[in-house]
Engineer: 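Structure in structure tokens, see below.
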Amino acid sequence: MPDVMSSSRLIGVGVGPGDPELVTVKGVNALRAADVVVVPVMDTGERGRAEATVLHYVPQEKVVRVVFALNERTDHGRREAAWDAAGDRVAELLRAHGSVAFATIGDPNVYSTFTYLAHTVGALVPGVVVETVPGITAMQDLAARSGAVLTEGTEPLTLVPVTAGAAVLKDALNGPGTVVAYKFGRQAAEVAEALRETGRIEDAVWGSALGLDGESIRSAAELDGAPLPYLSTLIAPARRDGTRGGKL
């Protein structure tokens, strides 16, 4: 058993938005070097994107599935209990192994479950070293696949989780820069309305299941109000006049 006071390492590894080819070399090396790789699993038990991606690079026997209430949006107490249970499980793994990697879709420092996990484990395992390996985000993948340019010159970039409410998105759309919206599938109708009201819908693009079977990339003008997959991403590029270097 390792000396957890001095040698335990918890590494949050960003494995990208779903396409296994978008895991970085450093990310693959971190997954393979860890003693075990934890993947978050919904309480329904279904395989998530992080697990599916990880299995392209490490054997199943090295993967430990830990349940998180990832689909819990309303019962805060139940969600907290799930985080606590997950933290206890990872702390147990750290006491038995020198290094534990936690695979998260996208980047571990951008709206990631890893943030909560690291906070919990830090209190349970004194001296644990917490590290992160950055991952490619859904907005980068969607920009590449759709041809949308995220930023030019001095343009700001605003990232909004629509779970914060459509009003937050509308405020961002009224600003001067590019707006990216995450987690908007269940509020697709409100998002479309906000885009139309702010005059941003014609240039905006949305995508889901990027790099996977069932990939969909379309103009936001085609949004008809029907719900979309929860992990949908939208890019509303900044208003531009078409001149080269106009925002420099």
Engineer: How far apart are the closest heavy atoms of I201 and R196, and which atoms are they?
Structural biologist: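 Closest heavy-atom pair between I201 and R196: CD1-CG, 3.6 Å.
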Engineer: Please enumerate all residues that pass side chain to side chain contact (heavy atoms under 4.5 Å, CB included) together with E202, with sequence neighbours excluded.
Structural biologist: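 Here the qualifying residues are A221.
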Engineer: Got a sec, which hydrophobics cluster with V149, joining ILVMFWY side chains under 4.5 Å apart, including via others?
Structural biologist: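 Reading the cluster by chain and number, V149 sits alone, since nothing else belongs.
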Engineer: Compare all side-chain heavy atoms of L93 with those of V64 and state whether any distance is below 4.5 angstrom.
Structural biologist: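 In contact.
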Engineer: Among residues at least two apart in sequence or on other chains, which ones pass side chain to side chain contact (heavy atoms under 4.5 Å, CB included) with I136?
Structural biologist: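 Partners of I136 under the side chain to side chain contact (heavy atoms under 4.5 Å, CB included) test: P17, L22, Q140.
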Engineer: Please evaluate residues R186 and V162 with respect to the criterion side-chain contact (heavy atoms from CB on, under 4.5 Å), reporting the C-alpha separation (whole Å), side-chain torsions for both, the decisive distance (0.1 Å), and the verdict.
Structural biologist: CA-CA 9 Å; R186 296 172 184 169; V162 182; over 6 Å; no
Engineer: Please tabulate, for the side chains in residues 114-124, all donor-acceptor contacts under 3.5 angstrom to protein atoms that are two or more places apart in sequence or on a different chain.
Structural biologist:
| unit_1 | atom_1 | unit_2 | atom_2 | d |
| --- | --- | --- | --- | --- |
| T115 | OG1 | S112 | O | 3.4 |
| T120 | OG1 | Y116 | O | 3.0 |

Engineer: Please set out all donor-acceptor pairs under 3.5 angstrom arising from side-chain atoms of residues 168-180, sequence neighbours excluded.
Structural biologist:
| unit_1 | atom_1 | unit_2 | atom_2 | d |
| --- | --- | --- | --- | --- |
| K170 | NZ | E197 | OE1 | 2.5 |
| N174 | ND2 | K170 | O | 3.2 |
| T178 | OG1 | L150 | O | 2.6 |
| T178 | OG1 | A238 | N | 3.0 |

Engineer: Go through S146 and W206 one step at a time and tell me if the side-chain contact (heavy atoms from CB on, under 4.5 Å) criterion holds.
Structural biologist: CA-CA 9 Å; S146 67; W206 71 268; over 6 Å; no
Engineer: Over all heavy atoms of both residues, which pair between I235 and P237 is shortest? Give the atoms and the distance, please.
Structural biologist: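 Heavy-atom minimum between the residues: O-CD, 3.4 Å.
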Engineer: Can you hop from V205 to L159 via hydrophobic side chains spaced under 4.5 Å?
Structural biologist: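 Looking at the clustering, L159 is in the same group as V205.
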Engineer: If every non-hydrogen atom of P134 is compared with every non-hydrogen atom of P108, which pair is closest and at what distance?
Structural biologist: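 Minimum heavy-atom separation between P134 and P108: CA-CD, 4.2 Å.
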Engineer: Could you list all the salt bridge (Lys or Arg N to Asp or Glu O under 4.0 Å) pairs where at least one residue sits in residues 96-121, not counting sequence neighbours?
Structural biologist: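 Listed by first then second residue: nothing to list.
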Engineer: For residues 26-36, dump all side-chain donor-acceptor pairs below 3.5 Å to protein atoms at least two apart in sequence or in another chain.
Structural biologist:
| unit_1 | atom_1 | unit_2 | atom_2 | d |
| --- | --- | --- | --- | --- |
| N29 | ND2 | V25 | O | 3.4 |
| R32 | NE | Y57 | O | 3.1 |
| D35 | OD2 | G98 | N | 2.9 |
| D35 | OD2 | S99 | N | 2.9 |

Engineer: Taking the side chain as everything from C-beta on, heavy atoms only, tell me whether V15 gets closer than 4.5 Å to T104.
Structural biologist: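 They are not in contact (no side-chain heavy atoms under 4.5 Å apart), so the answer is no.
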Engineer: Does A189 offer a backbone N or O that forms a donor-acceptor pair with the side chain of E193 under 3.5 Å?
Structural biologist: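 It does not hold such a pair.
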Engineer: If you apply the rule side-chain contact (heavy atoms from CB on, under 4.5 Å), what do you find for L234 with V191, and how did you get there?
Structural biologist: CA-CA 9 Å; L234 176 129; V191 168; 4.1 Å; yes
Engineer: Show your reasoning for whether side-chain contact (heavy atoms from CB on, under 4.5 Å) applies to T137 and D141.
Structural biologist: CA-CA 6 Å; T137 61; D141 195 13; over 6 Å; no
Engineer: How would you list, by chain and number, every residue that makes a salt bridge (charged side-chain N to carboxylate O under 4.0 Å, His left out) with E92, sequence neighbours excluded?
Structural biologist: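 With sequence neighbours excluded, E92 shows a salt bridge (charged side-chain N to carboxylate O under 4.0 Å, His left out) to R89, given in chain and number order.
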Engineer: With no hydrogens and no angle check, is any side-chain donor or acceptor of Q187 less than 3.5 Å from a backbone partner on F184?
Structural biologist: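 Such a contact is absent between Q187 side chain and F184 backbone.
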Engineer: Do V41 and E51 come within less than 4.5 Å of each other through their side chains, counting heavy atoms only?
Structural biologist: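 The answer is yes; the side chains approach within 4.5 Å.
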Engineer: Between T233 and A138, which heavy-atom pair has the shortest distance, and what is it?
Structural biologist: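 Looking at all heavy atoms of both residues, the shortest contact is OG1-CB, 3.5 Å.
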Engineer: Flag yes if V38 and V130 sit in one hydrophobic cluster, no otherwise; membership is Ile, Leu, Val, Met, Phe, Trp, Tyr, and two members link when side-chain heavy atoms are under 4.5 Å apart.
Structural biologist: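 In one cluster with V38: V130, yes.
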Engineer: So I217 and L210, do their side chains get closer than 4.5 Å, heavy atoms only?
Structural biologist: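 Answer yes - side chains close enough.
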Engineer: Can you list the residues that meet the salt bridge (charged side-chain N to carboxylate O under 4.0 Å, His left out) rule with D19, with sequence neighbours excluded?
Structural biologist: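 Once residues adjacent in sequence are excluded, the partners of D19 under the salt bridge (charged side-chain N to carboxylate O under 4.0 Å, His left out) criterion are R145.
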Engineer: Would you say Y111 ends up clustered with L157 if hydrophobic residues are merged whenever their side chains have heavy atoms under 4.5 Å apart, either directly or through other cluster members?
Structural biologist: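 They do share one cluster, since a chain of ILVMFWY contacts under 4.5 Å joins L157 to Y111.
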Engineer: For the side chain of Y182 and the backbone of M139, is there at least one donor-acceptor N/O pair under 3.5 Å apart?
Structural biologist: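 Such a contact is found between Y182 side chain and M139 backbone.
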Engineer: Going by heavy atoms in the side chains, are I11 and V100 under 4.5 Å from each other?
Structural biologist: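 Contact flag for I11/V100 side chains = no.
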Engineer: Run the salt bridge (charged side-chain N to carboxylate O under 4.0 Å, His left out) test against R200 and tell me which residues pass, sequence neighbours left out.
Structural biologist: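 R200 satisfies salt bridge (charged side-chain N to carboxylate O under 4.0 Å, His left out) with no other residue.
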Engineer: May I ask you to decide if L228's main-chain N or O and S232's side chain share a donor-acceptor pair within less than 3.5 Å?
Structural biologist: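 Answer holds: no.
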Engineer: Roughly how far apart are D88 CG and D84 CG, rounded to 0.5 Å?
Structural biologist: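 Answer rounded to 0.5 Å: 6.5 Å.
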Engineer: How long is the span from the CG atom in L55 to the CD atom in Q60, to the nearest 0.5 Å?
Structural biologist: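 Spacing of CG (L55) from CD (Q60) equals 5.0 Å.
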Engineer: Does one hydrophobic cluster hold both V54 and V133, with members joined at side-chain heavy-atom distances below 4.5 Å?
Structural biologist: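 Yes, V54 and V133 fall within the same hydrophobic cluster.
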Engineer: Any idea which heavy atoms bring A103 and A50 closest together, and the distance?
Structural biologist: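 Scanning both residues completely, I find the closest heavy atoms to be O-CB, 3.7 Å.
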Engineer: List the residues meeting side chain to side chain contact (heavy atoms under 4.5 Å, CB included) with E222, not counting sequence neighbours, and say none if there are none.
Structural biologist: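 Residues passing side chain to side chain contact (heavy atoms under 4.5 Å, CB included) with E222: R218, S219.
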Engineer: May I ask whether I105 and L142 are part of the same hydrophobic cluster, defined by side-chain heavy atoms of I, L, V, M, F, W, Y residues being less than 4.5 angstrom apart, directly or through others?
Structural biologist: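 They do not share one cluster, since no chain of ILVMFWY contacts under 4.5 Å joins I105 to L142.
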Engineer: Locate the shortest heavy-atom distance separating G18 from L212; write the atom from each residue and the value.
Structural biologist: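 Closest pair (atom of G18, atom of L212, distance): O-CD2, 3.3 Å.
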